[in-house]
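Below is one structure, written out as structure tokens; the observations come after it.
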Amino acid sequence: MKFLMEHEIKEILESHEIKTAGCRFVKSEDEAVDAAKKIGLPATPVVMKVASRRIIHKSDAGGVILGIKSEEEVRKAFRSLMAIEGAEGVNVQPMLEKGIEVIVGVSENPQFGSVIMFGLGGVFVELLRDVSIRLLPLTRKDAVEMIREVKGHRLIEGYRGYKGDFEALVDLLLKVSRVVEEENIIEMDLNPVFVYEKGYAVADARAVTGERKSFETRLSKDELYRLFYPESVAVIGASRTVGKPGYNIVWNLKQHGFKGKVFPVNPNADRILDYRCYPSILDIPDEVDVAIIAVPARIVPEVMEQCAEKKVRGVVIVSSGFSEEGEIGAEYERRVLEIAKKSGIRVFGPNTTGVLNTDNSFITTFAKMPVIKVGKIGIVAQTGLFLGIMMAHVATNHPSIGFSKVVGMGNKADVEDYEVLDFLLDDNETKVIGMYMEGVKNGRAFYDVSKRAEKPIVVFKTGRSVYGQKAALSHTASICGDDEVFDAVCRQANITRVYSFEELFNVTKAFSLQPLPRGDRVALIHYTGSGCVQGADAIYFSNLKLAELGNRTVERISEVTPEWHMVNNPVDIWPMVEYNGIYKAYDTAITALLEDDNVDSIIVAIWAGVEIAEPTYTPDFKKIREYGKPIYFVVEGMREAVFDTKNNYELNEFPVYPDAITAISVLGKVTDYARRLFGLKDDNLK
């Protein structure tokens with residue numbers, strides 16, 4: 001690693017056609033005077049700065065002197081700067097004209113590699129943290145988004161006498177990206193950069209060169225296929241005791257109807273749930289594709305040796321007590337991984353619930369699990385919670401929502417989340433992937449896979465705060481990367497980020513059930529005035545637009561509306577229901593909005609179980625589906641009636657939410673994904 005002094009990095013920048021203030025490195029008073037005169041002194045004032053590989057922040061050390069206008073001041077400044085401990089010389093440069101001050105920085109993130117930061121300088125960066133971040137290398141689209149992402153970007157595009165050269169800034173970011181790649185830069189600050197109406201100039205710069213972080217990516221769909229589609233499975237640690245993990249695993253395989261062979265391994269049992277038992281995996285006469293290991297951590301390395309001898313190719317270790325618990329457990333985990341690599345065994349876990357594949361009913365969790373509906377949502381979770389409590393919650397509270405595959409990653413000693421993500425992106429049974437993550441081991445591989453995705457990826461990542469990071473370390477032995485960098489990764493790879501399990505399910509079911517919107521113009525139907533107002537606010541705060549209804553749409557809805565009631569968007573439908581009944585009112589309004597070219601998406605609120613009018617409204621699902629526009633429903637009312645209505649709607653592939661604000665928030669995230677996917681502009685999605 002080598003620290004570059006200012007004149008050295010500026011020479012590199014200039015060689016890549018990045019405009020700087022330039023500077024002349026001097027080591028004597030006479031050289032300083034000569035350099036100042038060549039710059040233009042006394043007509044042009046100069047700046048003098050201490051040059052040192054040991055002094056990182058020159059201003060903090062008193063190492064920057066501005067506005068020098070005479071030879072005497074040059075000599076005095078030189079002596080003052082050389083008196084600073086660690087000074088190796090002095091840099092002399094012209095005093096630049098003030099412009100809009102910005103900062104461009106580069107650093108290395110342990111999980112994601114080289115990242116670039118852009119922000120407005122001064123108080124905007126130091127106090128307001130008004131910055132944007134992206135992984136390198138940049139595309140032009142990345143650079144444009146970075147500039148427009150900061151709150152102060154209007155200064156650059158023109159505001160109250162301020163204006164900067166937007167295109168020149170884009171060019172600067174792209175050139176910095178190339179400099180990092182070609183010059184092995186691992187850290188760099190260009191601060192400040194003055195942006196003018198025409199062009200820019202880098203006033204100060206520092207950089208460190210060295211060996212940039214590299215990442216190994218292992219993508220092996222064939223290897224993972226065996227873990228999802230085994231023809232035979234051994235349960236090592238199977239138990240006859242109801243409620244024990246080894247019993248529950250066998251029970252789940254039987255209850256869910258796994259189509260392959262099941263071999264419980266227990267030296268003290270003859271049969272478990274009508275399956276013949278074997279003393280060890282080596283006693284099984286058939287081939288074994290996957291072994292589910294549910295024995296104490298200290299025994300697992302020995303069991304892994306037997307799996308290797310049996311030529312098993314996939315293992316799910318549900319046992320805990322490994323690296324998440326301390327050094328002794330970490331040693332067990334190292335031995336397991338060593339055996340796995342030597343023998344070509346792929347491992348889920350340890351400390352995991354493993355796999356659920358609804359396509360073949362293969363299930364490895366030790367928690368008794370109700371049968372899950374087959375659907376198009378794939379889940380990758382770092383916690384066993386998903387194949388335990390959370391999936392039980394989904395199965396009983398959202399029985400109409402279906403899943404393709406669910407994977408608990410655990411400690412990720414071998415198979416990592418990016419590998420499973422890559423597998424699911426290529427899986428015909430999966431339409432959308434939801435991910436719960438506590439830590440990222442190979443962030444660059446995760447980013448590379450995500451950026452190539454043609455399916456929506458929805459991520460709930462915890463460990464965002466200092467407290468959360470400590471909890472994640474103790475729970476899964478993962479150290480979380482900087483959350484601002486992860487947020488930038490989501491923007492850059494078009495990953496939809498959510499902040500709770502409930503939001504994860506809400507957003508993934510919207511993706512799985514309805515088409516993507518082709519624009520951001522929303523129509524809302526609600527049966528209360530309050531719901532209309534709340535919905536209008538939610539549309540604004542979700543970066544959506546209230547659609548301006550076409551004249552024909554207004555005329556058609558007016559035909560079922562009392563003369564005294566105005567037809568607007570949101571559509572307050574209650575007066576129409578009172579005069580014409582629930583079906584005529586809702587059918588007319590929904591059809592008119594679906595046929596309006598000014599409307600891209602529709603939110604419809606109804607009630608259930610409350611006898612304030614006719615029975616609960618049920619649309620002609622087939623008819624409204626044919627229009628190809630996304631429609632989200634809101635159902636409010638009596639609990640049992642809401643539950644039944646919700647399941648009916650979702651079985652017919654229309655997502656239901658508890659209130660308009662939730663539905664619109666989900667639509668906002670889905671629309672943002674569609675906006676980026678289709679490359680449409682915010683202000684003109686059409």
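In what follows, every heavy atom counts, from backbone to side chain, and hydrogens, waters and symmetry copies are set aside.
Note on ring orientation: taking the six-membered ring where Trp is involved, the planes of Phe423 and Tyr225 are tilted (angle from 30° to 60°). The aromatic rings of Phe501 and Phe460 sit perpendicular, their planes meeting at an angle over 60°, well past the 30° parallel limit. Ring pair Tyr632/Tyr657 is tilted by interplanar angle, where 30° to 60° counts as tilted.
In this structure His256 satisfies the side chain to side chain donor-acceptor pair (under 3.5 Å) test with no other residue, sequence neighbours excluded. Shown here are the side chain to side chain donor-acceptor pair (under 3.5 Å) partners of Gln514, two or more places apart in sequence or in another chain: there are none. Under the side chain to side chain donor-acceptor pair (under 3.5 Å) criterion, Lys646 pairs with His398, Glu650, sequence neighbours left out.
Annotation: the span from Arg556 atom CZ to Leu549 atom CG amounts to 12.0 Å, rounded to 0.5 Å.
Residue pairs meeting the salt bridge (charged side-chain N to carboxylate O under 4.0 Å, His left out) criterion with at least one member in residues 579-592: none, sequence neighbours excluded. Each salt bridge (charged side-chain N to carboxylate O under 4.0 Å, His left out) pair with one or both residues in residues 415-425, not counting sequence neighbours, appears once here: Lys221-Asp422, Arg346-Glu419, Lys412-Asp417. Sequence neighbours left out, not one pair with a member in residues 242-255 passes side chain to side chain donor-acceptor pair (under 3.5 Å).
A ring pair (Phe, Tyr, Trp, His ring centres under 6.0 Å) with Tyr649 holds for exactly one of Tyr617, Phe633, Phe654; it is Phe633. For the side-chain contact (heavy atoms from CB on, under 4.5 Å) criterion with Ile606, the lone passing option out of Ile582, Thr645, Val656, Val642 is Thr645. Only one option out of Asp596, Asn569, Thr591 pairs with Thr553 in a side chain to side chain donor-acceptor pair (under 3.5 Å); it is Asp596.
Side-chain contact between Phe643 and Pro399 is present, with heavy atoms from C-beta onward closer than 4.5 Å. A heavy-atom distance below 4.5 Å is not found between the side chains of Val560 and Tyr579.
Looking at Arg675 and Asp672, a side-chain N of the basic residue comes within less than 4.0 Å of a carboxylate O on the acidic one, giving a salt bridge. Here Lys545 pairs with Asp520 in a salt bridge; the nearest charged N to carboxylate O distance falls below 4.0 Å.
Between Phe362 and Tyr229, the distance separating the two ring centers is not shorter than 6.0 angstrom.
Cation-pi check for Lys455 over Phe511 is not met; the charged atom does not lie both under 6.0 angstrom from the ring centroid and within 45 degrees of its normal.
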